[in-house]
Amino acid sequence: MDAIPSWRGSLRRHLSALPRRWRASLAVRVATTIVLAGAIALAIVGAFVSTSIRDGVFNDRVDQLLSDALWRANHAQAAVDSANVQSTAQIQRVVYDIIYEQRLTSTETVGVMLLPKSGQSPTAGYYVTDRSLVDLVTDELRTKLDSSAPQLWQSVRVPTANGSSPGIIVGQRITLPLAGPYEFYTVYSLAAEQQSVNLVMRILNIGAFSLIAVLAVLTWASTFQILKPVRQAALTAERIAAGVLDERMDVKGRDELATLGASFNMMAASLQEQIVALEELSRVQRRFVSDVSHELRTPLTTIRMAAEVLHDARADFDPVTKRSAELLYNQLDRFESMLSDLLEISRFDAGAAVLSLEDTDLRHVITNVVEMATPLAGARGVTLRTNMPERPVAADIDPRRIERIVRNLVINAIEHSENAPVDISLAADETTAAIRVLDHGVGMSEDTAAHVFDRFWRADTSRARTIGGSGLGLAISLEDARLHGGDLQAWGEEQVGAAFLLTLPRRSGEPMGPSPLALHVLEEKV
């Protein structure tokens, strides 16, 4: 009892998988299309051939039967005309002998009937070899036989012991002495011809199904053979994309598919050479940046010591020299910050950056950043507003890196807020924490938001920095966020404002969910 539901479930699964296989497999689509086209073509040709055979057999046989019926009618008429009859009884005896003779000698007819003309008194009586055939004579046939050609026929279903079979009935007019015109009907069966046609149809159907099966097998085999290099190329491309750069296709023969494989291998080899060259160049560049950054620290220390001496003694200098000493001292801070950022970027590129995780309340991080940035914001006429939960928001973070992210975002917001308030929001759920820094200043376009994390990228090169910066702060912030398993997003609208959203998992190694804060929710400008 359990086998039937299991069988039905398996069938339903296979049927439901057909659309998916149709979309996913080019071989299935090609084979199905060719088989369907072949089946339609075979159906059209088969219908034409079967119709031609059936009509040809039927027409030839009808012509033969009409000739036979005409001969029988003429034979009956001649027999009647040659008989010397003087009474109705004699003509009835002659007609009975003729009908009896035809019934005994006929191997083609099902039955013979001699009926008086429609509406005429049956002077010579009725003569039928089988009474079940009388119903085959229709009023339409009898009417046409009276008014048209001397011989007419129509298709009928001849009753048999097992039902009925196709046949025809042929009607003709003969004249009986003393009785006048009579109607002579001969019934023929076409069962033998129908059996022959059925045999031919079965042979055609078997041949058609066999041809479709062969076509399906050949199409599938050909498609599989043609698509095999394509599948191998796709698999090879996936392995190359996964980092197995020495993966190649097997090339056999000299046909078009072999040419495809050889061309693919040449392309893969060229890509491997370029990738290796780029990796080597990248390694050299990272090493160069790291080495230069380290080597610059010693002369930078010496320059800073000299700059500090000059800066401390600037009161004794003339105005031009005093201003130069002040500029040198201020620019050294920016140069030292850039040098630190370059070293940090080189650590990220080399994969040497590591986290020092602590269970930290994110509210303390934001508070520290706000306290540090308040003097700068006050000098710029910017108000820093915070929106944080009353309860602690603990997370496994590297406090130094997260504080650096928030500090970069807040200072960037102060730089572009144009005296408008800067809102710093914190929200969290069970798995995820989010910090959003929102300003209501000049804003930025969608293109700027797409490139704002690129290294040394600036949206407006004509805009001078008033707070400083190396151009690497946001790039380092994004790397710090990703190092925590989080994300950093940017959004802005020109002359409306800009927002940066930092999303972090609260527990190290666990996936984070959707951000508890929206990225582009802006308050009204104040």
Side-chain angles (χ1 to χ4, degrees), residues 360-395 397-429 432-446 448-449 452-453 459-460 463 465-469 473-474 476-478 480-481 484 486-506 512-526:
T360 306
D361 188 354
L362 291 174
R363 299 182 306 167
H364 295 164
V365 175
I366 295 176
T367 301
N368 294 338
V369 172
V370 170
E371 290 177 354
M372 181 275 301
T374 296
L376 178 61
R380 301 278 299 185
V382 176
T383 302
L384 300 179
R385 303 185 301 194
T386 59
N387 180 19
M388 298 184 292
E390 296 181 358
R391 303 181 61 181
V393 181
I397 62 171
D398 186 333
R400 179 182 66 86
R401 295 182 183 275
I402 299 301
E403 186 171 322
R404 180 168 60 188
I405 295 174
V406 179
R407 182 172 63 250
N408 284 335
L409 298 181
V410 171
I411 292 176
N412 186 71
I414 294 173
E415 168 76 10
H416 298 88
S417 63
E418 294 189 341
N419 302 325
V422 173
D423 296 310
I424 307 167
S425 303
L426 171 64
D429 55 27
T432 310
I435 300 174
R436 183 181 63 210
V437 178
L438 173 68
D439 71 75
H440 305 275
V442 296
M444 56 183 173
S445 64
E446 291 184 4
T448 302
V452 73
F453 297 110
D460 185 2
R463 180 184 174 90
R465 294 183 183 270
T466 59
I467 300 178
L474 291 177
I476 293 175
S477 297
L478 179 60
D480 280 333
H484 282 80
D487 193 18
L488 182 60
Q489 299 172 281
W491 173 88
E493 185 175 342
E494 293 180 346
Q495 305 305 320
V496 175
F500 288 85
L501 180 63
L502 172 64
T503 308
L504 299 169
R506 297 190 64 177
M512 65 179 183
S515 176
L517 288 175
L519 173 60
H520 54 277
V521 176
L522 289 178
E523 302 173 357
E524 295 182 358
K525 289 188 70 175
V526 179

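Scope of the values below: all heavy atoms of this structure, side chains included, with no hydrogens, waters or symmetry mates.
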Test your reading of the model: is there a side-chain donor-acceptor pair from [X] to the backbone of [Y], 3.5 Å cut-off?
| X | Y | value |
| --- | --- | --- |
| Asn419 | Val382 | no |
| Arg436 | Leu519 | no |
| Thr432 | Gly513 | yes |

Provide the closest heavy-atom pair for [X] versus [Y] in the form atom of the first, atom of the second, distance.
| X | Y | result |
| --- | --- | --- |
| Ala428 | Pro516 | CA-CG, 3.8 Å |
| Val452 | Ala490 | CG1-CB, 3.7 Å |
| Glu494 | Ser445 | OE2-CB, 3.4 Å |
| Ala481 | Ile405 | N-CD1, 3.7 Å |
| His484 | Asp398 | NE2-N, 3.0 Å |
| Ala433 | Arg506 | N-CG, 3.9 Å |

Please identify which of these residues, Leu501, Val422, Leu474, meets the side-chain contact (heavy atoms from CB on, under 4.5 Å) condition with Leu409.
Leu474
Kindly compute the distance separating [atom1] ([X]) from [atom2] ([Y]), expressed to the nearest 0.5 Å.
| X | Y | atom1 | atom2 | value |
| --- | --- | --- | --- | --- |
| Thr503 | Leu488 | OG1 | CG | 8.0 Å |
| Ile424 | Ile435 | CD1 | CD1 | 9.5 Å |
| Leu362 | Ile397 | CG | CD1 | 4.5 Å |
| Thr367 | Glu403 | OG1 | CD | 10.5 Å |
| Asp361 | Leu426 | CG | CG | 8.0 Å |
| Leu376 | Glu415 | CG | CD | 8.5 Å |

Assess whether side chain to side chain contact (heavy atoms under 4.5 Å, CB included) is satisfied between Ile476 and Arg401, documenting all intermediate values.
CA-CA 9 Å; Ile476 293 175; Arg401 295 182 183 275; over 6 Å; no
Could you walk me through whether Asn408 and Phe500 pass the side chain to side chain contact (heavy atoms under 4.5 Å, CB included) test, one step at a time?
CA-CA 11 Å; Asn408 284 335; Phe500 288 85; over 6 Å; no
Please test Leu478 against Asp487 for side chain to side chain contact (heavy atoms under 4.5 Å, CB included), starting from the C-alpha separation and ending with a verdict.
CA-CA 7 Å; Leu478 179 60; Asp487 193 18; 4.2 Å; yes
